[in-house]
Amino acid sequence: MEFTENPSSNRKSAEERAAVLADPGFGDFFTDHTVVVDWTAGSEADTGQWHDARVEPYGPIAMDPAASVLHYGQEIFEGLKAYRHEDGSVWTFRPHANAARLNKSAVRLALPQLDEDVFVDSLRKIVSTDIDWVPTGDGEALYLRPFMIATEAFLGVRAAREVSYRVIASPAGNYFGGELKPVGIWVSKNYARAGRGGTGSAKCGGNYAASLVAQLEAEENGCKQVLFLDSFNDNAVEELGGMNVFFVTKDGTLVTPALTGTILEGVTRSSVIQLAKDRGMKVEERKITLDEWRDSVASGDITEVFACGTAAVITPIGVLKNGEELIGDENAPAGEVTMSIREELLGIQRGTVEDRHGWLERLA
Ligand SMILES: *Cc1c(COP(=O)(O)O)cnc(C)c1O
């Protein structure tokens, strides 16, 4: 697919850009361009067409107020990062996994399939156009946010016949800010993120909307993130609002909740599983309940807990707050296995550790 180029006549100056890159934070600033590809349905279910692929100046989206994304939330997204290597080249991590996941989410949200190569090309386009925005600092990256929205103006409830795929990019520092300290996690007892047969395994905005009230509760209780459980059954651990969870046992096994349909399959999750297997660690994808977490931390059988996702990579979990109850230790240092897998993963991404699995793809 050919992309038309419509460069911005209003790019940020080198000084303005430098000021942003000095302290990018997360998700607050955006580059000068956006990539767009539109889709229009055909007469049959499978005859829709992607068209008008273009690079255009970053700016507001003109949309009809009746556009179905605004009413029924027909939207999906992805998140991945572009890393600047020592020699100035820019790479991303397992983009075909994100492309495949976007298409899986698209099936669930009744949105059209996007060719994986168009997805990867769209990342190449935005990164090569806005390459000066890719940060060079340690732990920094250009966060890429591809998303797909239903733009058709129509209030009847059905899958939209007009859709837009877009990519925006945002320079990113360290997600949780400052040095790496184990975080406190709040157990959500009143709210679920996803239910059986629902959209939990799709990356859609609606899941995040449903998690926000629990996130507010977490913050009121001094925690940075929420843990969602299957709290209407046996308190099986699912995941955080936007990160998967792992446990390290004292015999060196890595345990993570099995994908049951309510958990999002993280690219970081599957990479961590692979790296652990490469080290000869035993990996178990299975059910783990809140009771097992509590008992195994108390008995010393669980020695480390961490969360993982693209934005924050790997974050050690210090304490779990279950109402008044505390599981774990707020002041415990990050675990050794956690830190070692984190270093290896970050090293692969920044090009300082051998990429044994061919996970990196050059963007610019
Ligand atoms: C995106 C996301 C993750 C992490 O996925 P990565 O591909 O590792 O970034 C985990 N949980 C949820 C709910 C997510 O939306």
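Being a predicted model, the structure only gives us computed values, none of them experimental. First listed ligand is number 1; within each ligand, the first listed atom is number 1.
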Inset, instruction - Find out whether F246 and L254 are in side-chain contact, i.e. whether some heavy atom of one side chain is under 4.5 Å from a heavy atom of the other. - result: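 Yes; the side chains approach each other to less than 4.5 Å.
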
Legend entry - Quiz item: cation-pi between R158 and F154, 6.0 Å / 45°: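 Yes.
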
Is a salt bridge present between [X] and [Y], judged by a nitrogen-to-oxygen distance below 4.0 Å?
{"X": "R94", "Y": "E361", "answer": "no"}
{"X": "E2", "Y": "R54", "answer": "no"}
{"X": "E78", "Y": "R101", "answer": "yes"}

Inset, instruction - Mark the output for G242 as yes if a heavy-atom distance to ligand 1 is under 4.0 Å, and as no if none is. - result: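 It does, in that a heavy atom of G242 comes within the 4.0 Å cut-off of ligand 1.
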
Legend entry - Proximity flag E265 to ligand 1, non-hydrogen atoms under 4.0 Å: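 Judged by the 4.0 Å heavy-atom criterion, E265 does not count as contacting ligand 1.
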
Legend entry - N or O pair under 3.5 Å between N244 and ligand 1: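 N/O-N/O distance below 3.5 Å does not exist for this pair.
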
Inset, instruction - Would you check the N or O atoms of V267, main chain and side chain alike, for any that come under 3.5 Å of an N or O of ligand 1? - result: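 Yes, there is a polar N/O contact under 3.5 Å.
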
Note the single closest protein heavy atom to [atom], along with its residue, its atom name and the distance in Å.
{"atom": "atom 15 (O) of ligand 1", "value": "Y208 OH, 2.5 Å"}
{"atom": "atom 1 (C) of ligand 1", "value": "K203 NZ, 1.3 Å"}
{"atom": "atom 8 (O) of ligand 1", "value": "T268 OG1, 2.6 Å"}

[X] heavy atoms, cut-off 4.0 Å: which ligand 1 atoms fall inside?
{"X": "G241", "answer": "13 (C)"}
{"X": "R193", "answer": "13 (C)"}
{"X": "T310", "answer": "6 (P), 7 (O), 8 (O), 9 (O)"}
{"X": "G266", "answer": "5 (O), 6 (P), 7 (O), 8 (O)"}
{"X": "G309", "answer": "4 (C), 8 (O), 9 (O)"}
{"X": "R101", "answer": "5 (O), 6 (P), 7 (O)"}

Inset, instruction - Please answer whether the main-chain N or O of I263 pairs with a side-chain N or O of E238 as donor and acceptor at a distance below 3.5 Å. - result: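 Not a single qualifying donor-acceptor pair exists.
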
Legend entry - Side-chain (E16) to main-chain (S13) donor-acceptor, under 3.5 angstrom: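 Side chain of E16 to backbone of S13: a pair is present.
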
Inset, instruction - For ligand 1, indicate whether the residue E239 contacts it via side chain, backbone, both or neither (heavy-atom separation under 4.0 Å). - result: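 Contact part for E239 vs ligand 1: side chain (C-beta onward).
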
Inset, instruction - Indicate, with yes or no, if the rings of F247 and W293 have centres closer together than 6.0 Å. - result: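 Yes, ring centres under 6.0 Å apart.
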
Legend entry - H51 versus V37, closest heavy-atom pair with distance: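 Smallest interatomic distance, heavy atoms only, reads O-CG1, 3.7 Å.
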
